[in-house]
Enquirer: 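The structure's right below; bear with me while I get my questions together.
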Amino acid sequence: MDHEIMSFISRFTGGGKFRDVIQVFTSGACYWFAKILHERFSTCVGDPDVVIVYDSVINHFGCRIHDRVYDITGDCTEKYNWSRWPTFEDIRWERRVVRDCILFKEEDDNDLCIC
């Protein structure tokens, strides 16, 4: 499976040559690449072996596929302190992450509706 995932990532980055693509998905749009990986490698909705994960200290998203975590740079399992997303530990904080890092909105927390 790792080879298939790394091959998929390599197509996005041109084998590491497309520095702009790597920059986009490591500097603000990491959630969206995690979502792409989730959609591609999840066999069904709610697959417990494929989940989006988040490091709240670094503010970075990845996708855990079985026992490894991937982002646009490849296997990043050991680089971060991953937690399943959303954690539901601090709803106001998670709303801000959604607003700022996923939706790229700049509005008051009161304007954000989490459904």
Side-chain angles (χ1 to χ4, degrees):
M1 176 66 86
D2 184 64
H3 176 72
E4 183 180 355
I5 298 164
M6 293 303 294
S7 178
F8 182 81
I9 292 169
S10 182
R11 292 184 69 191
F12 272 86
T13 66
K17 293 179 209 165
F18 303 154
R19 304 301 303 161
D20 290 345
V21 172
I22 296 168
Q23 178 70 27
V24 165
F25 288 118
T26 56
S27 300
C30 56
Y31 170 83
W32 294 108
F33 194 75
K35 183 70 171 166
I36 290 167
L37 290 174
H38 182 268
E39 291 298 315
R40 169 59 181 83
F41 291 100
S42 184
T43 56
C44 63
V45 174
D47 184 341
D49 290 330
V50 182
V51 296
I52 294 176
V53 292
Y54 180 69
D55 181 319
S56 62
V57 173
I58 303 300
N59 193 33
H60 187 64
F61 286 92
C63 185
R64 187 183 76 217
I65 303 170
H66 301 289
D67 60 345
R68 308 301 299 171
V69 178
Y70 300 88
D71 68 4
I72 192 68
T73 67
D75 187 333
C76 58
T77 306
E78 307 302 325
K79 291 182 181 178
Y80 304 97
N81 185 20
W82 299 112
S83 297
R84 187 176 181 139
W85 177 261
T87 64
F88 299 112
E89 292 173 12
D90 182 345
I91 296 301
R92 290 189 56 79
W93 170 78
E94 287 183 8
R95 285 180 178 172
R96 283 191 296 274
V97 172
V98 169
R99 181 195 65 207
D100 299 342
C101 302
I102 296 174
L103 300 177
F104 304 115
K105 290 175 108 178
E106 295 181 15
E107 300 174 0
D108 291 335
D109 286 336
N110 297 333
D111 294 336
L112 183 64
C113 175
I114 302 293
C115 302

Enquirer: If you apply the rule ring-ring contact (aromatic ring centres under 6.0 Å, His included), what do you find for Phe8 with Phe41, and how did you get there?
Expert: CA-CA 10 Å; Phe8 182 81; Phe41 291 100; 5.5 Å; yes
Enquirer: State, with a plain yes or no, whether a side-chain heavy atom of Lys79 is found less than 4.5 Å away from one of Asp71.
Expert: no
Enquirer: Is there a side-chain contact between Asp75 and Tyr70 (heavy atoms, below 4.5 Å)?
Expert: yes
Enquirer: Is Glu94 close to Asp90 at the side-chain level, that is, under 4.5 Å between some pair of heavy atoms?
Expert: no
Enquirer: Any side-chain heavy atom of Asn81 sitting closer than 4.5 Å to one from Val57?
Expert: no
Enquirer: Pick one: which of Trp82, Tyr80, Trp93 meets ring pair (Phe, Tyr, Trp, His ring centres under 6.0 Å) with Tyr54?
Expert: Trp93
Enquirer: Table please: side-chain donor-acceptor pairs of residues 21-31 below 3.5 Å, with sequence neighbours left out.
Expert:
{"unit_1": "Gln23", "atom_1": "NE2", "unit_2": "Ser27", "atom_2": "OG", "d": "2.9"}
{"unit_1": "Thr26", "atom_1": "OG1", "unit_2": "Ile22", "atom_2": "O", "d": "2.8"}
{"unit_1": "Thr26", "atom_1": "OG1", "unit_2": "Gln23", "atom_2": "O", "d": "3.4"}
{"unit_1": "Ser27", "atom_1": "OG", "unit_2": "Gln23", "atom_2": "O", "d": "3.2"}

Enquirer: Excluding sequence neighbours, so at least two apart, what forms salt bridge (Lys or Arg N to Asp or Glu O under 4.0 Å) with Asp2?
Expert: none
Enquirer: State, with a plain yes or no, whether a side-chain heavy atom of Leu37 is found less than 4.5 Å away from one of Phe61.
Expert: no
Enquirer: Without swapping roles, check the side chain of Thr13 against the backbone of Phe18 for a donor-acceptor pair under 3.5 Å.
Expert: no
Enquirer: Nearest 0.5 Å, please: how far is CD1 in Ile52 from CZ in Arg84?
Expert: 10.0 Å
Enquirer: Less than 4.5 Å apart, side chain to side chain, heavy atoms only: is that true for Trp85 and Val51?
Expert: no
Enquirer: Of all residues at least two apart in sequence or in a different chain, which pass the side-chain hydrogen bond (donor to acceptor under 3.5 Å, both in side chains) check with Arg40?
Expert: Glu4
